[in-house]
Amino acid sequence: MAEAAKWYVVHTYSGYENTVKATIEKTVENRHMEDVIHQVAIPMETVTELGENGVQKTYERKVFPGYVLVKVIMSDQVWYAITNVRGVTGFVGSGTKPTPLTEEEVLKMGVEKREIVLGYGVGDRVSIIDGPMQGVVGVVDVLEPEKNYVRVLVPMFGRENPVDLELDQIERASE
């Protein structure tokens, strides 16, 4: 089992997403497939609408109606187990071969989040470890972990210049 689990998109009849999710989870439990079918998800978003008399209504809405995401180690057995669930029309992909989602797509959908432990904060000296500014030392000016964003002030041409980076592109500078 050297192959890692990947996220795939399963197409369903509209309105069957919750039923399909529950049925796949039950199939995993009954057939003891926990080692190959890791997770089943329906991407949701919170929506706030202004209703009658200015009253706010907040509810959960499916981001992709008609689709369910599954994190699996793909095999003929897994493909058969999922495609034979009532309400599933098939996997998204070319022909009969399902296409896995890229890591960027998974992160953008918010299905899976990478946890980055920060060893630095605003005002700390950091070293840039990736990109064209690699090796340059600067000071953290703005830090937004939820957006994977950090602004570092680096000395250039006799003054401090802001450089926008991702969180994993810097590390605390050794003193």
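The analysis underlying the following values was restricted to heavy atoms, covering all of them including side chains, and did not include hydrogens, waters or symmetry mates.
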Side chain proximity check, [X] to [Y], heavy atoms < 4.5 angstrom:
X    : Y    : answer
L101 : L69  : yes
Y120 : V139 : no
I24  : I82  : yes
I37  : V78  : yes
Q134 : Q169 : no
K71  : Y8   : no
V92  : T99  : no
E49  : Y59  : yes

Residues T19, R86; criterion side-chain contact (heavy atoms from CB on, under 4.5 Å); working and verdict: CA-CA 8 Å; T19 305; R86 185 169 176 259; 5.7 Å; no
Could you tell me the separation between the [atom1] atom of [X] and the [atom2] atom of [Y], rounded to the nearest 0.5 Å?
X    : Y    : atom1 : atom2 : result
K97  : F91  : NZ    : CZ    : 12.0 Å
E171 : I128 : CD    : CD1   : 11.0 Å
E34  : E29  : CD    : CD    : 7.5 Å
H32  : T27  : NE2   : OG1   : 12.0 Å
Q56  : L50  : CD    : CG    : 6.0 Å
N18  : I42  : CG    : CD1   : 4.0 Å

Looking only at the aromatic ring of each residue, does the gap between the centers of F64 and Y67 stay below 6.0 angstrom?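 Ring centres of F64 and Y67 not closer than 6.0 Å.
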Cluster overlap [X] with [Y], hydrophobic side-chain contacts below 4.5 Å:
X    : Y    : result
V72  : V36  : yes
V137 : L153 : no
V68  : Y13  : yes
V126 : M156 : yes
V150 : I129 : no

Testing the basics here: between [X] and [Y], what is the closest heavy-atom pair and its distance to 0.1 Å?
X    : Y    : result
P145 : L118 : CG-CD1, 3.9 Å
V63  : M44  : CG2-C, 3.7 Å
P98  : W79  : CG-CD1, 3.8 Å

Is the side chain of T48 donor-acceptor paired with the backbone N or O of T58 at a distance under 3.5 Å, no angle test?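 Here the side-chain-to-backbone pair does not exist.
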Do the side chain of E17 and the main chain of G15 share a donor and acceptor less than 3.5 angstrom apart?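 Looks like yes, one N/O pair under 3.5 Å.
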Atom CG of N84: over 12 foreign heavy atoms under 6.0 Å: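 Enclosed.
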Apply side-chain contact (heavy atoms from CB on, under 4.5 Å) to residues L143 and L167 and explain how you reach the verdict. CA-CA 8 Å; L143 185 61; L167 297 175; 3.6 Å; yes
Tell me, with the steps shown, if K62 and E45 meet side-chain contact (heavy atoms from CB on, under 4.5 Å). CA-CA 6 Å; K62 292 178 184 80; E45 65 184 351; over 6 Å; no
Can a salt bridge be assigned to the pair E25 and K21 using a cut-off of 4.0 Å between side-chain N and carboxylate O?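 Result for this pair is yes, salt bridge flagged.
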All pairs passing salt bridge (charged side-chain N to carboxylate O under 4.0 Å, His left out) where residues 150-165 contributes a residue, at least two apart: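 For residues 150-165, and leaving out neighbouring residues, the salt bridge (charged side-chain N to carboxylate O under 4.0 Å, His left out) pairs sorted by first residue read D141-R151, R151-D164.
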Listed partners of D124 passing side chain to side chain donor-acceptor pair (under 3.5 Å), at least two apart: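 Scan of D124 (side chain to side chain donor-acceptor pair (under 3.5 Å), adjacent residues dropped) gives R172.
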Residues forming a side chain to side chain donor-acceptor pair (under 3.5 Å) with T89, sequence neighbours excluded: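 H11.
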